[in-house]
Student: 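Just passing along the structure, written as structure tokens.
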Amino acid sequence: MISMSEVRPGNGWRYLFRGVMVGDGHRTAGTPLRAAQDEAGVPPGVWKGRGLAALGLTAGDVVTERQAELLLGEGRHPDADRIERELLAQGKTPEQARRATVLGRPIEHNRSPKTDKAKERTPWLAFDLTFRPPPTAHIAWALMDDRHRRVLELCNGIARDKTLAWLEESVAEIRWKAGGKERDRVKDGLVVAVFQHYESRATESRPLLHAHAVVSIRARRPHDGKWGNLSADSLMTHIVAADTLYTLYFMEEVSARLGWAWEPREVTPGRRPVMDIAGIDRRLIGWQSTRRQQIEDALSVLTDKYEERQGHAPGEKAGYALACQAADQTRPPKRTELLSLTELRTRWRESAIRAFGACTVYRLAERARAAAAAVWARVRPVVDVALAAVDVVAVVYVMRGAFKRHHLLAEARRHLSYVLRGRPHEPGLDERIVQTVVDDFTRPASRRMMTADLRALYPRDTEDQAVLRPLTRKRTAPPYERARLAADALATRVHAVRRAERLGSRARPYAVAVPAASRSHPRPFRDGRKDGRPLEPETGVDTVERTRQTLEAAAAQVAATIQDSRRAREVVYGLRPEPTPATAPPPHTQQPGSQPAPGRTTGGVT
């Protein structure tokens, strides 16, 4: 997953230099950066991004302390000392020489008493993006041999770099003028400093392979080449889409290089599952994530106090705020004992062996390969664009109601990770799924938002409304559970249409016709009524259990209709079943004139 935090002058800048750059450890005052990194057992930071060429840097160069202080701490050129000396030698004043090294607006401008807004007085200097693989990847990286460790580190680096490239090519925007009303793509790219870390901040050190990608807010405008600031809201808006892309890339790299497969795991009932490496003992997940248990214990206490004070259970926003409060309360101090990676891996392996036995630890790779063979035997890694579009729009609509394109993009990438299980996807397939959703299953909801076009998903004069419409209402079941019910109902109807078409019958009025080609523009929504009342009456159910029963009844009705259509064709065309032979044919042969039964495979049909 990816988390994002800002780096501001003051405490944010000091935390970056004293903690993030030395492996989340504790750097004493006066200790050089390189010496602190060697003592902490972490590699030095390196520069990434296409915007390095404008600063005279090269991708892969080591991040020095002075370069980070100038660019990430003051918003100045990383080689500002040399530039100032040259300008002073040419007769420039110290103020002129310093101003020439500032990239964009200087920090001193925001400290003026004329500035009213507090956020302008403390500007952002950088974004700290933290990349963390799924939990089972930490376990495999920490407990397996050195070859698997190096491969997993390589996979993490490739997935991280690909995600950063997508952010700078498709997301990053630079703003200028009052209020940032003028925006455009950056001219060169981003300037990123990457720092690799190996452990968590738990009281007992636990493996946590992650990287901090500190993105400088300074970038160049495309039209005049001047330096300005990146748009923070653009990156924050697409952080979930970047998170799902990073996970998708990491899964593909691991499967391609190690042959492992992935499977979903439900962490919280009714919530989105996470993808884990198949074959990894689930008990090791609890051993690795001790911080999670601490947060859950503190969260239960805070939730009880909230219910006692407010008289009701916390909602989604209140629950998130309580979770953040629990994380802050249980946040342990940084460890003063610094160990190398070799020493850490030895401790982790000994701890896991004491808890679960040597057989569990030393057979991790063997069990992962065996589990991968079982997954590939039952799962077809084939993507059906039409079914993927139906699944994406149903989940996003039930979860959010009104949404934007980046919400669909994130869900499309989740769908690909679940269907492919680590197999590579065709470049641009996620965008193709999103475009199909926008063209065929959405309508405008406001000037900037869109919503699902229910008439395109199901008709208005059938009992399907009793199946799907209540799933969009607030019920006792979690939203994601209701979203999966809606997506499965739509997928069942698409499969029924395809079976009917293979049998030669016409699509019924209530069937969902899979679009052959997407329209170039979203369909305008018209309700067909002059009085402005909704075209479809609101229907509801009391519980999700009744919804499930209605769904099963609708599926049975579709199957009965298909069977009646087949019998009618037999009567019209005079088709009669073939007599049963005395001896059954071999298993590999087929009866002449018989119709093969449609099969059901996981992954869909291309």
Side-chain angles (χ1 to χ4, degrees), residues 1-8 12 48-52 54-55 71-72 75 103-105 110 117-120 122-131 159-194 211-249 396 400 402-414 428 430-431 434-435 437-438 445-450:
M1 62 173 294
I2 301 178
S3 60
M4 179 178 176
S5 60
E6 71 275 6
V7 178
R8 298 178 184 267
K48 297 285 184 179
R50 296 186 305 174
L52 296 172
L55 299 174
L71 179 60
L72 304 177
L103 305 179
R105 175 180 294 182
N110 299 93
K117 297 182 180 179
K119 67 177 182 180
E120 293 182 356
T122 57
W124 288 29
L125 297 175
F127 309 96
D128 183 8
L129 303 179
T130 306
F131 292 79
R160 179 199 63 225
D161 293 345
K162 287 183 176 181
T163 306
L164 289 174
W166 176 77
L167 285 174
E168 71 177 352
E169 291 174 2
S170 304
V171 176
E173 294 180 337
I174 189 170
R175 57 183 178 85
W176 64 94
K177 290 189 177 181
K181 60 183 179 181
E182 296 291 339
R183 302 191 180 193
D184 202 349
R185 298 296 184 192
V186 295
K187 181 177 181 179
D188 306 303
L190 302 178
V191 179
V192 188
V194 178
H212 290 264
V214 184
V215 183
S216 173
I217 201 172
R218 308 299 186 181
R220 293 208 299 172
R221 302 173 187 170
H223 59 284
D224 56 9
K226 294 182 179 180
W227 289 90
N229 291 343
L230 292 173
S231 173
D233 54 355
S234 297
L235 290 178
M236 296 178 66
T237 298
H238 291 81
I239 194 65
V240 178
D243 176 18
T244 53
L245 181 63
Y246 163 70
T247 303
L248 183 61
Y249 279 144
V396 176
R400 305 190 64 89
F403 46 84
K404 293 184 178 181
R405 187 182 182 90
H406 60 85
H407 298 124
L408 299 173
L409 186 60
E411 190 61 36
R413 290 167 176 172
R414 291 191 188 98
D430 50 354
E431 293 285 354
V434 171
Q435 192 60 44
V437 173
V438 173
S446 64
R447 189 168 61 92
R448 297 183 178 180
M449 307 289 286
M450 55 183 157

Student: Working to the nearest 0.5 Å, report the span between CZ of R221 and CZ of R175.
Tutor: 10.5 Å
Student: To the closest 0.5 Å, what do you measure between NE2 (H406) and OG (S170)?
Tutor: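 Between H406 NE2 and S170 OG, I get 14.0 Å after rounding to 0.5 Å.
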Student: Measuring from R218:CZ to L230:CG, what's the distance to the nearest 0.5 Å?
Tutor: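 Going from CZ on R218 over to CG on L230, the span is 9.5 Å.
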Student: If you define the side chain from C-beta out and look only at heavy atoms, does anything of M450 sit under 4.5 Å from L408?
Tutor: yes
Student: Within the 4.5 Å heavy-atom criterion, are L164 and L190 side-chain neighbours or not?
Tutor: no
Student: Determine whether M449 and K404 make a side-chain contact, defined as any pair of heavy atoms from C-beta on separated by less than 4.5 Å.
Tutor: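 Result yes, sub-4.5 Å side-chain heavy-atom pair found.
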Student: Could you measure the distance from the CG atom of D233 to the NE2 atom of H238? Nearest 0.5 Å is fine.
Tutor: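 Between D233 CG and H238 NE2, I get 10.0 Å after rounding to 0.5 Å.
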Student: If you look at every heavy atom in D161 and K48, which pair is closest and at what distance?
Tutor: OD2-NZ, 3.6 Å
Student: What's the spacing between D243 CG and S3 OG if we round to 0.5 Å?
Tutor: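 The distance works out to 9.0 Å.
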Student: If I compare all heavy atoms of A445 with all of A402, which pair ends up nearest, and what's the gap?
Tutor: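 So the two residues come closest at CB-CB, 4.5 Å.
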Student: Are I174 and P222 packed together at the side-chain level, in the sense that at least one heavy-atom pair is separated by less than 4.5 angstrom?
Tutor: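 Side-chain contact under 4.5 Å: yes.
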Student: Report the C-alpha distance between V7 and L72 in whole Å, list the side-chain angles of each, state the deciding distance to 0.1 Å, and finish with yes or no for side chain to side chain contact (heavy atoms under 4.5 Å, CB included).
Tutor: CA-CA 8 Å; V7 178; L72 304 177; 6.0 Å; no
Student: Do R414 and V240 have side-chain heavy atoms sitting under 4.5 Å apart?
Tutor: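 Yes - at least one pair of side-chain heavy atoms lies under 4.5 Å apart.
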Student: Taking the side chain as C-beta and beyond, is there a heavy-atom pair between Q435 and R405 under 4.5 Å?
Tutor: yes
Student: Minimum heavy-atom separation for A242 and I2, please, with both atom names.
Tutor: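 The answer is O-CD1, 3.5 Å.
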Student: Shortest non-hydrogen contact from R160 to A211?
Tutor: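 Looking at all heavy atoms of both residues, the closest pair is NH1-CB, 3.9 Å.
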Student: I need the minimum non-hydrogen distance between M4 and L235, along with the two atoms involved.
Tutor: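 Closest approach of M4 to L235: CE-CB, 4.0 Å.
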Student: Which class fits the ring pair Y246 and F131: parallel under 30°, tilted 30 to 60°, perpendicular over 60°?
Tutor: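 Because their plane-to-plane angle is over 60°, the rings of Y246 and F131 count as perpendicular.
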Student: Would you say the side chain of T247 lies within less than 4.5 Å of the side chain of M1, judging by non-hydrogen atoms?
Tutor: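 No, their side chains stay 4.5 Å or more apart.
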Student: Using modelled atom types and a 3.5 Å cut-off, is there a donor and acceptor pairing between side-chain atoms of T244 and backbone atoms of A241?
Tutor: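 Looks like yes, one N/O pair under 3.5 Å.
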Student: State, to 0.1 Å, how close I239 and L129 come at their nearest heavy-atom pair, and which atoms those are.
Tutor: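 Reported closest heavy-atom pair: CD1-CD2, 4.0 Å.
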